[in-house]
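Structure first, then comments.
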Amino acid sequence: MSKERSIRVGAEGIIVQDGKILLVKFDDEHGPHYNYPGGGHQEGETLRQTAIRELREETDADVEVGRLLVTGESAPFKVEYVYGSTHYLKLFFECTLKPNSTPRLPDEPDPHEIAVEWVPIEDLAKLPVIPDISEQLIAALNGAAPEFFEDNGRTSMELDKR
């Protein structure tokens, strides 16, 4: 029998190279949009191990996990568009690619995953990225202390205005 959780915890990897950030592109019931590579924690692993596993699953990349950049909360009573009834806490970690690791769409991607793309970091606020942590993320990458983000159910380009 599986244990019920009142909150799901996940880890996301933030990889920036040459002024570009690595994003995973999806096309699902929310339409085309981007996510930061990452996902849910599994029993028996640390959150850093979660980030390593999830980045491998979504981008076929091997990474080193660094410092915490942003902590985000998506509460189901405030945000239904992504996780339904699941209360979600996500930790966004700065990551670096290991030597000879090249991100790409995996051989068996998630059902709605359509691409792995390097996007200019200055374009983050103009893209439909879930969640929209562009302001907090850029501040953290520029040396600000990690910040807590409470998801308001919007992206920079609000999905509901397509």
(request) For side chain to side chain contact (heavy atoms under 4.5 Å, CB included), just list the numbers for Leu137 and Ile21, CA-CA rounded to whole Å, side-chain angles, deciding distance to a tenth of an Å, and then say yes or no. (result) CA-CA 11 Å; Leu137 182 58; Ile21 187 166; 3.7 Å; yes

(message) Under the rule for salt bridge (charged side-chain N to carboxylate O under 4.0 Å, His left out), what residues qualify as partners of Glu12, not counting sequence neighbours?
(response) Lys90

(message) Is the shortest side-chain heavy-atom distance between Val116 and Glu58 below 4.5 Å?
(response) no

(request) Could I get the full list of salt bridge (charged side-chain N to carboxylate O under 4.0 Å, His left out) partners for Asp107, not counting sequence neighbours? (result) Arg104

(request) Could you pull out all residues at least two apart from Asp123 that satisfy salt bridge (charged side-chain N to carboxylate O under 4.0 Å, His left out)? (result) Lys126

(request) List in chain and number order the residues that pass side-chain contact (heavy atoms from CB on, under 4.5 Å) with Leu97, two or more places apart in sequence or in another chain; answer none if no residue qualifies. (result) Ile15, Gln17, Ala61, Val63, Ser101, Pro103, Trp118

(message) Could you measure the distance from the CG atom of Leu127 to the NE2 atom of His33? Nearest 0.5 Å is fine.
(response) 12.5 Å

(request) Given side chain to side chain contact (heavy atoms under 4.5 Å, CB included), test Leu141 with Ile121 step by step and report yes or no. (result) CA-CA 11 Å; Leu141 287 167; Ile121 199 155; 3.5 Å; yes

(request) Would you please name every residue forming a side-chain contact (heavy atoms from CB on, under 4.5 Å) with Gln49, sequence neighbours left out? (result) Glu45, Thr46

(message) Could you work out, with side-chain contact (heavy atoms from CB on, under 4.5 Å) as the rule, every residue matching Glu117, not counting sequence neighbours?
(response) Lys25, Tyr34, Ala115, Val119

(message) Please enumerate all residues that pass side-chain hydrogen bond (donor to acceptor under 3.5 Å, both in side chains) together with Asp62, with sequence neighbours excluded.
(response) Arg56

(request) List in chain and number order the residues that pass side-chain hydrogen bond (donor to acceptor under 3.5 Å, both in side chains) with Gln136, two or more places apart in sequence or in another chain; answer none if no residue qualifies. (result) none

(request) Sequence neighbours left out, what passes salt bridge (charged side-chain N to carboxylate O under 4.0 Å, His left out) with Glu147? Give chain and number order. (result) none

(message) Assigning hydrophobic clusters by single linkage (Ile, Leu, Val, Met, Phe, Trp, Tyr; side-chain heavy-atom cutoff under 4.5 Å), is Leu68 placed with Val9?
(response) yes

(request) Look up atom CD1 in Ile7 and atom CD in Glu73, then write down how far apart they are to the nearest 0.5 Å. (result) 5.5 Å

(message) Applying side-chain hydrogen bond (donor to acceptor under 3.5 Å, both in side chains), can you list everything that pairs with Glu94, at least two apart in sequence or on another chain?
(response) Arg67

(message) Which residues pass the ring-ring contact (aromatic ring centres under 6.0 Å, His included) test with Phe92, not counting sequence neighbours?
(response) Tyr36

(request) Decide if atom CG of Asn142 counts as having more than 12 heavy atoms of other residues, nucleotides or ligands within a radius under 6.0 Å. (result) yes

(message) If hydrophobic clusters are built from ILVMFWY residues whose side chains come within less than 4.5 Å, do Phe26 and Leu124 share one?
(response) no

(message) Can a donor-acceptor pair be found, under 3.5 Å and without considering hydrogens, that links the side chain of Arg48 to the backbone of Gly66?
(response) yes

(message) Taking Val24 as the starting point, is it possible to reach Val65 by hopping between hydrophobic residues whose side chains are less than 4.5 Å apart?
(response) no

(request) Might you confirm whether atom CD of Glu122 has over 12 heavy atoms from other residues, nucleotides or ligands at distances under 6.0 Å? (result) yes

